[in-house]
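To find a chain, count down the sequence lines: A is the first, B the second, and so on, and within it residues start at 1. Reckoned from all heavy atoms, side chains included, excluding hydrogens, waters and symmetry mates.
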Protein chains: 2
Amino acid sequence: MKQVNLKEQVKKLFEEHLEIHQQRKTKERFIILDEIYSRDDHFDAEGLYAALKSKKHQISRATVYNTLELLVECELVTKHQFGNNLARFEKSFGYRQHDHLICIDCNKVLEFCDPRIHQISTRMGELLHFNIAHHSLILYGKCNGCEVKEQLKGSR
Amino acid sequence: MKQVNLKEQVKKLFEEHLEIHQQRKTKERFIILDEIYSRDDHFDAEGLYAALKSKKHQISRATVYNTLELLVECELVTKHQFGNNLARFEKSFGYRQHDHLICIDCNKVLEFCDPRIHQISTRMGELLHFNIAHHSLILYGKCNGCEVKEQLKGSR
DNA sequence: GTGCATGCAAATCCTTTGCAGTGAT
DNA sequence: ATCACTGCAAAGGATTTGCATGCAC
C-alpha cells in the first residue's frame, strides 16, 4: 500500500501548493500528477501526453506543459536536460536525491548517489557567493552492453 | 604572444584532425575556429553566427552548426546544455577541465574546479560498468547581486 | 458570474536537412 | 574532374502563445 500512500501524499502537497498560490484544482492537473507518480522512468512531455491519450484522457499538450511547470515549481517533479534538446522529467517526492549516468549509445539512464556532490555544491556556493538552489550532475559514457557491441563490430 | 601561439596550436590540431578524417580545410572552418578562440565566454550558435556576420564574414548558419559539431568531435570546443534548451559552447583547448555555476536570475556563468568530481566519475563508472567519456556538473543558484536585489524588492 | 485554466492551432525558437552551386583535393 | 562543403531556404521537433470556450471558485 506504499504506492497508494505516496500518491495520496503528493496529491495533498499539490493541493496545498495550489491553495497557497491561489491556483485552481482542476481534474487535469490531478490526472497528470497521478500518471507521473505511476511511472518509474525519465519521461519527456510528449511521452506523458501520449500515455494520457492512450488512457483515454483528453488532455492537451498545452496543459501537459503547463502542469509540468507547476509540478517542477512545487518540487514534486524534477526537470532534466540530458544532452539533446529535449527536456526529461521524473517524480521527485519520496526519493533520495540522486544523479544520473547516461549511455551515449542507447540512452539508458542509471542513477547514483554520492554525498560528496552535496559537499562540493555547498563549498562552491560559499566560495563564489552563490546561494545554490539545486544542481545537475550527468556522467556520459557507454554501458557494458554497448561497449561489447562496439568491440564486436570493430573486430569484424 | 600567448594568444597567438594558442590559436596557432589549435589551428594545427584542427588541420590534423581534418587530414586524418579526410575532410576539407575550408577557409570558413578556420575563420570559425579563430573567432571561437578570440572569445572568452559561453556562446550559443546564433551569437557566433552574429559575431561572424558583424565582422563581414559571409558564413551561413548551416556552416556554423556544422563546424561547431566538428570542433566538438575533435575536442577543441565543448558543448553545454545550461537548463534552457539552447546549446552553449566554449573553447576547450589549453584550459583546465572545469564545471559551471549559473545564476538562475541573471544567467551569469562562473567556473570552478574540484578534483573530487573526477574521482566520483571514475568510481561510478567502475561500479556501474560504464566507460565514462565526459560529464557535466552544473550548480544552479542566485549570485550575490541578484540575491540582494531580490531582498530589496521584498522589503519594499 | 468572474476570470483562471483548458484545448486547439498557429507561432516561435533552435537546429537539421535537401539541394543546387562552389571550391578543395 | 570529383565530390565534400557551402549557402539558402524550407522542414523539423520541442515548446510557447493567443484566443475562444469551459469550469473552479
Side-chain angles (χ1 to χ4, degrees), chain A residues 11 14-35 42-74 77-89 107, chain B residues 11 14-35 42-74 77-89 107:
Chain A
K11 186 175 175 193
F14 193 27
E15 283 179 336
E16 282 170 19
H17 178 91
L18 292 173
E19 276 167 26
I20 290 167
H21 296 263
Q22 302 182 72
Q23 290 170 306
R24 295 183 177 169
K25 299 173 196 167
T26 66
K27 63 177 182 313
E28 289 84 358
R29 287 175 175 175
F30 291 108
I31 290 170
I32 292 172
L33 179 65
D34 190 85
E35 171 60 27
H42 300 81
F43 59 91
D44 56 37
E46 188 63 29
L48 179 57
Y49 172 72
L52 292 164
K53 193 167 216 172
S54 82
K55 292 179 185 169
K56 310 298 174 206
H57 291 118
Q58 300 284 88
I59 298 180
S60 72
R61 238 175 288 256
T63 300
V64 168
Y65 277 98
N66 173 17
T67 304
L68 278 170
E69 195 183 334
L70 266 178
L71 290 169
V72 169
E73 273 166 27
C74 65
V77 166
T78 309
K79 182 175 182 174
H80 302 288
Q81 295 284 158
F82 291 159
N84 43 28
N85 35 311
L86 169 70
R88 304 266 228 119
F89 303 84
N107 290 311
Chain B
K11 185 175 176 191
F14 193 26
E15 283 179 337
E16 283 171 17
H17 178 91
L18 293 172
E19 275 167 25
I20 291 167
H21 292 80
Q22 301 183 73
Q23 291 169 306
R24 293 182 179 170
K25 300 173 196 168
T26 66
K27 65 177 181 310
E28 289 83 1
R29 286 173 176 177
F30 291 110
I31 291 170
I32 292 172
L33 179 64
D34 190 86
E35 171 61 25
H42 301 81
F43 57 92
D44 57 37
E46 189 63 28
L48 179 57
Y49 171 71
L52 292 165
K53 194 165 215 174
S54 81
K55 291 180 185 169
K56 309 299 172 204
H57 290 119
Q58 301 284 86
I59 298 180
S60 72
R61 238 175 287 258
T63 301
V64 168
Y65 277 98
N66 173 16
T67 305
L68 278 170
E69 195 183 334
L70 266 178
L71 290 169
V72 169
E73 273 166 26
C74 66
V77 166
T78 310
K79 182 176 183 175
H80 303 287
Q81 296 282 159
F82 290 158
N84 43 27
N85 35 313
L86 168 70
R88 304 265 230 120
F89 303 85
N107 290 310

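- When the C1' atom of D:dG7 is taken as reference, atom CD1 of B:I31 falls 14 Å away, rounded to whole Å.
- Computed from C1' positions of five pairs at each end, the angle between the two local axes of the helix from C:dG1-D:dC25 to C:dT25-D:dA1 equals 30°, rounded to 10 degrees.
- Atom CG in A:L71 sits about 13 Å away from atom P in C:dA5, given to the nearest Å.
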- prompt: Would A:K79 and A:E69 count as a salt bridge (charged side-chain N to carboxylate O under 4.0 Å, His left out) if you check the C-alpha gap in whole Å, the side-chain angles of each, and the deciding distance to 0.1 Å?
  reply: CA-CA 9 Å; A:K79 182 175 182 174; A:E69 195 183 334; over 6 Å; no
- line: Under a 4.0 Å heavy-atom criterion, the protein footprint on nucleotides 7-18 of chain C, written with B, S and -, is BB-----SBBB-
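- Regarding A:K25, its NZ atom lies at a distance of 14 Å from the P atom of C:dT6, rounded to whole Å.
- In this structure, A:R29 atom CZ and D:dC25 atom P are separated by 10 Å, rounded to whole Å.
- Residues from residues 17-24 of chain A with heavy atoms under 4.0 angstrom of DNA chain D, sorted by number: A:R24.
- When side chains are defined from C-beta on, A:H57 does not count as touching A:E35, because their heavy atoms never get closer than 4.5 Å.
- In this structure, the side chains of B:H21 and B:E73 stay at 4.5 Å or more apart for every pair of heavy atoms.
- B:I32 places its CD1 atom 10 Å from the C1' atom of D:dT6, with the value rounded to the nearest Å.
- Atom CG in B:L70 sits roughly 13 Å away from atom C1' in D:dT6 (whole-Å rounding).
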